[in-house]
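Each ligand, and each atom within it, is numbered from 1 in the order the structure gives.
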Amino acid sequence: MKYGFFDDKNKEYVITTPKTPLPWINYLGSNDFFGIISNTAGGYDFYKDAKLLRLTRYRYNNCPYDSNGRYYYIKDNETIWNPGWQPTQTPLDSYECRHGLGYSTFESEKNKLRAKMTAFVPIKDNVEINKLELTNISENVKTLDLFSYVEFCLWNAEDDCTNFQRNFSTGEVEVIDSTIYHKTEYRERRNHYAIYHVNHEIDGFDTDRATFTGFYNSPANPDVVKAGVSKNSVAHGWSPIGSHHIKVTLQPNESASFIFLLGYCKNKKEEKFEAPNVINKAPAKELIAKYSTDEQVDTALNELKTYWTNLLSKFNIETGNEQLNRSVNIWNQYQCMVTFNMSRSASYFESGMGRGMGFRDSSQDLLGFVHLIPSRARERILDIANTQFEDGSAYHQYQPLTKTGNLNVGSGFNDDPLWLIAGTCAYIKETGDYSILDEECTFDSDANKKATLLEHLRRSFNYTVTHKGPHGLPLIGRADWNDCLNLNCFSDTPGESFQTTGPSSGPVAESVFIAGLFVKYGKEYVTLCQKLNLDDEAKACQKEVDTMIEAITTHGWDGKWFIRAFDANSNPIGSHVNKEGQIFIESQGMCVMAEVGVDNGMALEALNSVKERLDTKYGIMLQQPAYTTYHLELGEISSYPPGYKENAGIFCHNNPWIVCSETIVGHGNRAFELYKKTNPIFLEDVQDVHRTEPYAFCQMVAGKDAPSFGEGKNSWLTGTAAWTFATISQFILGIKPDFDGLRIDPCIPSDCDGYNCVRVFRGKTYNIHVTNPNHVEKGVASLKVNGTVMPSNVIDPTLGEDTVEVEVVLG
Ligand code: BGC
Ligand code: IFM
């Protein structure tokens, strides 16, 4: 069954039933203020940090699913309904939700009343705008009661859902005219509050949840709405909400619009306070004045749309394959922005409380984001570097608000440091801006300990060099990219084995994956040194890279594929000698991407083994055979039932590594076949199996050992977005930013005749026209820039004016 369709012209996905297999969500917000919104208007808002500054409450894993949102109730005689269907679930005469780029609309009809709710966060302000338009499409006058509803979160989302002994007594609100002020914490912090406002006179309000719903009712059947009369309740403790009541009369064909604002307000530091709990309303008034009329709101929405059109114009293809165009031009790039903004913090699978920004995750997210807004990528790289330790190791995560390392999670994931080299090199290749390397960054956020970014990268490189095990391979520490392969953990306490915060260096378990990662990004570090004329360092580092290649080919090769790791007793993992977990995807992908074994047949052999042993119709599984029992010495990986997550699930994040690897060995047909398997836009026909949003990549699809083979989970916040975009744009379509310019090196299916791409790169617009007259998979026969044949396939960025014409013939 299909639940909607793509509207490419408007860059929207149109959902035609509220009963999607899972809530299908969208993200609102571009800078500091964000909202998550489902196709039934569920979700919540936060300012900067989903854990610490949460405006509205959400109940994860609730029953029914997707509990809480920004809800509008319409009482039309005895019928009470919501334009987004939830929470009353009153059957609608028609329903349509459109998720667009940074906004969502809900348009529905009931008993000849049409409602359209448009939700978005304007680019410049910290507010979610809900514009609700009601139209009477009947022939009679309609007299209606409109009620709004949001439930406030007492700011710290974790504390909010655990510390009831305190929280039931702290809530404070104030209502002045049509503005509801949520001022819990103002007394103590004195600097921020939330508002919920409507640009209309109101007939009543409620701010106490139990009064609004009735103590034993829920938002699905609230007392106040049933009665059609607000109780003007003022919350003291318990659960503050915001609800307005407006009586509306509409003549036939008449429309009315209501602008609701849910905003975050903050005082300027220097402002004085009359009394601790009397809030300074100036910031609220300023915000309200900006979004009080339809014109103001429509202008802000248009600004948002223009913003996205401009961003997406930086990379745009025309390939004759509608699904590919849609994915590359719209949704994949959109998701790259979302992962850049959210890292792994807030989605319908990430509670917003657990994880902040990942050192590894955010570094990788840059690979798909850097072309969109390079200046923000620059800032992010420096933020990440600022948390690194002096010895080159790294906190695994940091908080978006404080930008300091997360002590609870700690460090010891030994791949982390190398990803900083990856992110920084992606930025320099995109922009040519080497000055970033001179920026001073702290160690562990300590202002007294600073060094240049280049020095940070040097320490990242050296961390691997100085942390090797008995086979000369990198020590794995707590884990590498695979968080769940915990080979140094021997806790006897059930459930603790994979959470041990042991020393990052060991005992001695080693990772062939980190070895491949070191070769790949170590080479890039060598190039950086060369560009900076650090010739001695470049030579010394190249020697280290060569030594690592030697260690991989000597000790990391199993005969038909790359071994995954050596455990703490130096036994191989991911080898034919193992009973289960004989072959893993990560070391095949990373070693071949690093071009290890490309010249001696190992790479081809490894990819063949992947095809034979790990491939399925929904993508490549992480490892095989799945672990059927729990192994203390392997850690979290074997805690999952076979086929789920790291235990032989299909990890969409690292499928692109195999796609890239296939392009490295020149297999364009195979690369594209694999690319499509994990791309939701190509999976529209199996939505009942796949279940997550058809417009967003998910982290994981259940592998063939799972009873729910093919089912996606953990959509949105995953490195899949960035890696898939890098793979399709740079490795398949072959438009690859490089240190010296734009490299053109496609590897495509042989039946492809060619394609066009507009690529904005270092301030110029390249119109790239690729033809494939001989139907090859790879190889540039000729490349012309503005009509002149070029000696190589790297376009010198100084050539041409603002617009550059590029003709590429494959052959
Ligand atoms: C894995 C989870 C694991 C977590 C531990 C994640 O990346 O996918 O399964 O629980 O890391 O930090
Ligand atoms: O590499 C990790 C990532 O950091 C978070 N999600 C799961 C991946 C594999 O364990």
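Atoms of ligand 2 lying under 4.0 Å from at least one heavy atom of Gln699, given by number and element, are 6 (N), 7 (C). Close contacts between ligand 2 and Asn482 involve ligand atoms 10 (O) [criterion: under 4.0 Å to a heavy atom]. Those atoms of ligand 2 with a heavy atom of Arg360 less than 4.0 angstrom away are 1 (O), 2 (C), 3 (C), 4 (O).
Polar contact check, His653 against ligand 2: no nitrogen or oxygen pair lies under 3.5 Å apart. The N/O atoms of His396, backbone and side chain alike, include none that comes under 3.5 Å of an N/O atom in ligand 2.
Between Asp615 and Lys677 there is a salt bridge, since at least one side-chain N of the basic residue sits less than 4.0 Å from a carboxylate O of the acidic one. The pair Arg376-Asp383 does not count as a salt bridge, with every side-chain nitrogen at least 4.0 angstrom from each carboxylate oxygen.
If you check the side chains of Tyr334 and Asn26, you find a donor sitting under 3.5 Å from an acceptor.
For Glu693, the salt bridge (Lys or Arg N to Asp or Glu O under 4.0 Å) test picks out no residue, with sequence neighbours left out.
Contact annotation: for Asp361 versus ligand 2, heavy atoms closer than 4.0 Å belong to the side chain alone.
Considering each of Glu646, Arg344, Glu350, the one bringing a non-hydrogen atom nearest atom 10 (O) of ligand 2 is Glu646.
The aromatic rings of Trp657 and Phe513 lie parallel to each other, with less than 30° between the two planes, well short of the 60° mark.
Within 6.0 Å of NZ on Lys403 lie no more than 12 heavy atoms contributed by other residues, nucleotides or ligands.
No heavy atom of Lys645 sits closer than 4.0 Å to any atom of ligand 2.
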